[in-house]
Q: 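My questions all concern the structure below.
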Amino acid sequence: MKQPASQVAISDIGRARLDPAAAIEFVSAPGFGGVSVFVGRVRDHNHGRAVTGVSYDLFDALALQRFAEIVREVEAEFGPALRLYVDHARGRLAVGDLAVLVAAGTPHRDEAFRACRALIEAVKHRAPIWKQEHYADGDSAWSEGCSLCHPDDPAADVDRPPRPAHTHAH
Amino acid sequence: MKQPASQVAISDIGRARLDPAAAIEFVSAPGFGGVSVFVGRVRDHNHGRAVTGVSYDLFDALALQRFAEIVREVEAEFGPALRLYVDHARGRLAVGDLAVLVAAGTPHRDEAFRACRALIEAVKHRAPIWKQEHYADGDSAWSEGCSLCHPDDPAADVDRPPRPAHTHAH
Amino acid sequence: MRVELALFGAFRQFDPGARIELELVNDARVADLRLAFAGYAAAHWPGFSPGLLARSAFASEREVLRESEPIPADRRVAVLPPVSGG
Amino acid sequence: MRVELALFGAFRQFDPGARIELELVNDARVADLRLAFAGYAAAHWPGFSPGLLARSAFASEREVLRESEPIPADRRVAVLPPVSGG
């Protein structure tokens, strides 16, 4: 292909917005009939509490490494006829703001849906990104999430998470 | 909800383009964290032949009925916290033009992906829409597709389609 | 009775107006329309494939009709070849 | 050796600069850093939860480190609580 088949980015919310039209354009190609896009937005509530905003913290260098790794894995599974796009917001977002945007373009739609889903699942579970929710009552809390510890690493407590792994909706 | 939770449309390509940003906006709501979008575009080849464009023919009244039926079914399965959007192009499209656009917004991403996928599968298999491909050599052909006959209806030949039902990629 | 049959998709190529009229008995059902249409097509359209009609449905503006159903009161029906949207 | 530890997510709230320094033995491994960090946090941060650290990983800018790995040559490590992107 003439241009890179994937693009990964972190967008500082103070300077740029996530742009679904740009994602669709990027993953398109004359031979591709299907584009699947996922947009994650800040919700106005979580676990029954009114949310006014969310701050996203990222370990930028490692996050971009992980995005690139994830893209290579999805390419290995669904490529080579595949274009991918990943963008995650950083900073304080208001309700309705776009937090994450992923897209996959492929010749047919089944691969597009599956590749897009694989992208967002991996970004959510494996990238060094943390979400702090701000509540209507002025309180705030960092969300619980997925441990990045190597699962076979004995020193870490990942065998005994406070709740069953990945059954929480995040 | 204050406004309708779904929108279905047919867009005459001579007058309007399918607009993914409008679809995302429509299916969004303050309580929704996930939006899944699918865009179908005209490819530059099919079954090994170079394609220069596609003409879409629709039986408008029945197509809008079917879109509305499909939306109600998807709402029954994934709702009520759900907003849906369906738009299909009509007319002669060039390679890269958007042929179909569906979107689903929900509180969490799993339902968004599944509802979006259910929408596009139903639109492709059950709506009265026909695709005529125009080839680089000047020839053109109507695509073979899915019979709309009631499967239990004895007079129609749907038990003996020329190829196994739904194994063709369309 | 006279039934107006609208043509879609691959059927369009056989008739510039994409619309034909067929004369049926007064209590005709969809199955009768199918037979009459097959006869019309065989008589008027060189290159017409009966296989396409066998996989095609008849519909009003509101729904796909079953073979045993009567012709709709407004006598307007569409013949729908297998669909290929998206 | 002196290791610079960058704090992310929930760990940020304990230190305004989100960065602490820890003194370790010269051939220290990630497991030693974990112990030293646990001691530092217990001594300096009221309300610190050892459970959070148990589920946290240590990483360089390029990868998550295993407990048995040596501290990276540039002595810069990040401690990563469970992630919650998207």
Side-chain angles (χ1 to χ4, degrees), chain A residues 17-25 27-46 50-52 54 81 93-114 116-121 123-124 131 166-170, chain B residues 17-25 27-47 50-52 54 81 93-114 116-121 123-124 131 166 168-170:
Chain A
R17 303 265 150 180
L18 308 194
D19 182 352
I24 292 170
E25 206 45 52
V27 302
S28 292
F32 289 4
V35 171
S36 176
V37 183
F38 178 78
V39 173
R41 308 184 92 129
V42 175
R43 293 191 299 151
D44 65 358
H45 66 275
N46 198 24
V51 171
T52 57
V54 165
L93 280 65
V95 170
D97 281 349
L98 274 58
V100 63
L101 168 63
V102 299
T106 62
H108 298 287
R109 72 186 177 287
D110 184 56
E111 290 77 8
F113 270 103
R114 291 163 61 208
C116 184
R117 185 71 193 260
L119 274 185
I120 187 62
E121 296 301 323
V123 166
K124 289 212 170 217
K131 176 164 73 172
H166 299 177
T167 59
H168 46 296
H170 63 89
Chain B
R17 300 266 150 180
L18 308 194
D19 182 352
I24 292 172
E25 205 46 52
V27 302
S28 292
F32 290 4
V35 171
S36 177
V37 183
F38 179 78
V39 173
R41 306 183 93 127
V42 175
R43 292 192 299 150
D44 64 359
H45 66 276
N46 198 24
H47 299 303
V51 171
T52 57
V54 165
L93 279 65
V95 170
D97 281 349
L98 273 58
V100 63
L101 168 63
V102 300
T106 61
H108 298 288
R109 72 185 175 289
D110 184 58
E111 289 77 8
F113 271 102
R114 290 163 62 207
C116 184
R117 185 72 193 258
L119 273 185
I120 187 63
E121 296 302 323
V123 166
K124 288 214 170 217
K131 176 165 73 172
H166 299 178
H168 46 296
H170 62 89

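Numbers restart at 1 for each chain; the letters A, B, ... are given by sequence-line order, proteins then strands.
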Q: Would you indicate whether the side-chain heavy atoms of A:Asp110 and B:Arg117 approach each other to under 4.5 Å?
A: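 B:Arg117 vs A:Asp110: side chains touch.
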
Q: Please classify the contact of A:Val42 with chain B as side chain, backbone, both or neither, using a heavy-atom distance under 4.5 Å.
A: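 A:Val42 touches chain B through backbone heavy atoms alone.
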
Q: Between CZ of A:Phe113 and SG of B:Cys116, what distance do you get to the nearest 0.5 Å?
A: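 So the CZ of A:Phe113 and the SG of B:Cys116 are separated by 4.0 Å.
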
Q: Check the pair A:Val39 / B:Arg109 against side chain to side chain contact (heavy atoms under 4.5 Å, CB included), numbers first and verdict last.
A: CA-CA 9 Å; A:Val39 173; B:Arg109 72 185 175 289; over 6 Å; no

Q: Could you tell me which of A:Ala29, A:Gly34, A:Pro20 has the largest number of non-hydrogen atom pairs under 4.5 Å with chain B?
A: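 The answer is A:Gly34.
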
Q: So, do A:Arg43 and B:Pro107 sit near enough that their side-chain heavy atoms are less than 4.5 Å apart?
A: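 They are in side-chain contact.
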
Q: Should B:Phe32 and A:Arg41 count as side-chain neighbours, where that means a heavy-atom distance under 4.5 Å?
A: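 No, their side chains stay 4.5 Å or more apart.
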
Q: Look up atom CD1 in B:Ile120 and atom OG in A:Ser36, then write down how far apart they are to the nearest 0.5 Å.
A: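 Rounded to the nearest 0.5 Å, the CD1-OG separation comes out at 10.5 Å.
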
Q: Picking from B:Ala21, B:Gly40, B:Gly31, B:Gly96, which has the most non-hydrogen pairs under 4.5 angstrom with chain A?
A: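 When all of B:Ala21, B:Gly40, B:Gly31, B:Gly96 are compared, B:Gly31 has the most.
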
